[in-house]
> 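Take this structure first; my questions come after.
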Amino acid sequence: MGMFQSWEDFRQAVVDARPLYIRSAGSEEDRRSLEAAFSEERVRVAFNVYKAAQWAVEIQNMGLIAGNRLDQDEVIATEKIPGIDSEVIKNFKTMSETTERGTGQVLDSSKWTILVNDAWLLGGAHYIAQFFLASPRTRENLHRTVRPDWFKKSRKFRTGFTVFSRELIGLKSCGYEFESHQTTGEIAYLPQGADHPGSLTFSTYQERVNHYTEDNRWLSLVDPTRG
């Protein structure tokens, strides 16, 4: 069934995936950031986050919250600006590499990297978590071309694919489907009869990201009712 049963299994999967991640860098700055993400310390952080997501599902039977993170000190989510804000965090609480036995549903790590985020998603998906989508699947939320009006002025803005788009790619690659939900707008779930997603590794995750971000394939992730 796959999955990472030990630190050794997890670490080897990361080592195998590292060249794929590094090659995906779009700039020298991205490459340096990815190099740092694969340091021994940050890989250990990613492993602890993987376990925290697993515990949230296994022990507390909680779903996880996916979506674009809003600037907590400046922005409150509305229908026009939906996402993970301070109210979502207050209601669903957070988890990180220091969480013991899972107490929250929103990833909030001071040592966040894209590898840590991928580990969080795989930790949930490998244990069949439901994912509540705090952001709608619109083009703007998946791929940004201009700075949104609400974006914090002091925060560096980058065009391109968002972390949320990567999360959706991971979920689709695990066989998840989306449906409307009264609390967060949409929920991602694994339908009955679907293959167990335990075989998705960091390598196959990055390969699927590469696939979706070529030739506008990511547009298939957009909710047709939202555009």
Side-chain angles (χ1 to χ4, degrees), residues 20 24 26 53 57 62-71 75-85 87-89 91-92 105-107 114 117-118 120-152 157-202 204-227:
L20 284 168
S24 73
V57 178
M62 297 189 302
L64 303 178
I65 310 295
N68 287 323
R69 191 71 174 265
L70 303 181
D71 294 307
V75 180
I76 298 299
T78 65
E79 187 173 348
K80 285 189 67 177
I81 314 173
I84 299 173
D85 66 354
E87 283 300 306
V88 171
I89 289 172
N91 291 331
F92 294 97
Q105 298 164 266
V106 180
L107 176 61
I114 199 65
N117 208 87
D118 290 354
W120 168 80
L121 185 132
L122 289 178
H126 284 175
Y127 290 86
I128 324 296
Q130 292 183 325
F131 287 78
F132 300 96
L133 306 188
S135 301
R137 292 180 294 122
T138 62
R139 290 188 182 215
E140 179 186 344
N141 281 331
L142 272 61
H143 186 275
R144 295 213 169 111
T145 56
V146 296
R147 178 190 288 267
D149 293 339
W150 54 263
F151 205 85
K152 189 176 180 180
F157 175 72
R158 298 181 58 181
T159 59
F161 293 101
T162 63
V163 173
F164 181 47
S165 68
R166 190 180 182 97
E167 291 171 347
L168 294 179
I169 291 169
L171 292 171
K172 287 299 290 184
S173 300
C174 287
Y176 277 63
E177 295 182 0
F178 308 113
E179 68 176 25
S180 60
H181 188 270
Q182 61 182 3
T183 301
T184 59
E186 273 194 303
I187 190 171
Y189 69 98
L190 191 71
Q192 284 191 336
D195 292 338
H196 193 283
S199 61
L200 190 75
T201 65
F202 292 105
T204 48
Y205 194 160
Q206 183 59 52
E207 287 170 352
R208 296 303 294 168
V209 169
N210 294 344
H211 173 79
Y212 270 94
T213 53
E214 293 173 355
D215 301 325
N216 287 329
R217 294 188 184 101
W218 64 274
L219 290 172
S220 66
L221 299 171
V222 174
D223 180 351
T225 68
R226 303 298 293 264

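Along the sequence shown, the residues carry numbers beginning at 1.
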> Could you give the distance from CZ (Arg69) to OG1 (Thr162), rounded to the nearest 0.5 Å?
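With rounding to 0.5 Å, CZ (Arg69) is 14.5 Å from OG1 (Thr162).
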> Ignoring hydrogens and geometry, is there a side-chain-to-backbone donor-acceptor pair from His126 to Leu200 under 3.5 Å?
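Present.
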> What distance separates Ser135 OG from Ile84 CD1, expressed to the nearest 0.5 Å?
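Going from the OG atom of Ser135 to the CD1 atom of Ile84 covers 6.5 Å.
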> Please round to the nearest 0.5 Å and tell me the distance separating atom CG of Leu219 and atom CZ of Arg137.
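The CZ atom of Arg137 is 12.5 Å from CG of Leu219, to the nearest 0.5 Å.
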> Which heavy atom of Gly175 sits nearest to which heavy atom of Pro191, and what is that distance?
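Distance-wise, the nearest heavy atoms are O-CD, 3.4 Å.
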> Should the ring pair Trp218 and His143 be called parallel, tilted or perpendicular, given that the plane angle runs from 0 to 90° and is split at 30 and 60?
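Rings of Trp218 and His143: parallel, under 30°.
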> Does the side chain of Phe202 come within less than 4.5 Å of Leu20's, by heavy atoms?
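Leu20 vs Phe202: side chains apart.
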> Go through Ile169 and Leu221 one step at a time and tell me if the side chain to side chain contact (heavy atoms under 4.5 Å, CB included) criterion holds.
CA-CA 8 Å; Ile169 291 169; Leu221 299 171; 3.6 Å; yes
> Heavy atoms, side chains only, cut-off 4.5 Å: are His196 and Leu190 in contact?
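Sidechains of Leu190 and His196: no contact.
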> By the definition side chain to side chain contact (heavy atoms under 4.5 Å, CB included), identify the one residue from Leu171, Asn117, Ile114 that meets it with Arg166.
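Per the side chain to side chain contact (heavy atoms under 4.5 Å, CB included) rule, the option paired with Arg166 is Ile114, out of Leu171, Asn117, Ile114.
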> Check whether any side-chain heavy atom of Leu64 sits under 4.5 Å from a side-chain heavy atom of Trp120, and report yes or no.
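Yes, at least one pair of side-chain atoms sits under 4.5 Å.
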> Might you point out which heavy atoms bring Phe131 and Ala129 nearest each other, and give the distance in Å?
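Phe131 and Ala129 have their closest heavy atoms at CD1-O, 3.6 Å.
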> Looking at Ile128 and Pro197, what are the two nearest heavy atoms and their distance?
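Looking at all heavy atoms of both residues, the shortest contact is CD1-CD, 3.6 Å.
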> For Val163 and Asn68, which heavy atoms make the closest approach, and how far apart are they?
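Smallest heavy-atom distance, with atoms named: N-OD1, 4.5 Å.
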> Phe164 and Leu133: which non-hydrogen atoms are nearest, and at how many Å?
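Scanning both residues, the minimum pair turns out to be CE1-CD2, 4.2 Å.
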> Which distance, rounded to the nearest 0.5 Å, do you find between the CZ of Phe178 and the NE2 of His181?
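Answer for the CZ-NE2 pair, Phe178 versus His181, is 14.5 Å.
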> Tell me if a side-chain donor or acceptor on Ser173 pairs with a main-chain N or O of Tyr205 at a distance below 3.5 Å.
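A pair under 3.5 Å: no.
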> Distance-only, no hydrogens or angles: does the Glu186 side chain make a donor-acceptor pair with backbone N or O of Pro136 under 3.5 Å?
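Between the backbone of Pro136 and the side chain of Glu186 there is no qualifying donor-acceptor contact (under 3.5 Å).
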> To the nearest 0.5 Å, what is the distance between CG on Leu168 and CG on Leu121?
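Answer rounded to 0.5 Å: 9.0 Å.
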> May I ask you to check whether Gln206 and Asn210 show a side-chain donor-acceptor distance below 3.5 Å?
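Yes, a side-chain donor-acceptor pair sits under 3.5 Å.
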> Are the side chain of Asp215 and the backbone N or O of Arg217 linked by a donor-acceptor pair below 3.5 Å?
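No, because the side chain of Asp215 does not come within donor-acceptor range (under 3.5 Å) of the backbone of Arg217.
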> Backbone N or O of Gly63 within a donor-acceptor pair of the Gln105 side chain at under 3.5 Å?
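Side chain of Gln105 to backbone of Gly63, a donor-acceptor pair under 3.5 Å: yes, one is there.
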> If you round to the nearest 0.5 Å, how far is CD of Glu167 from CD1 of Ile65?
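Here the interatomic distance stands at 11.0 Å.
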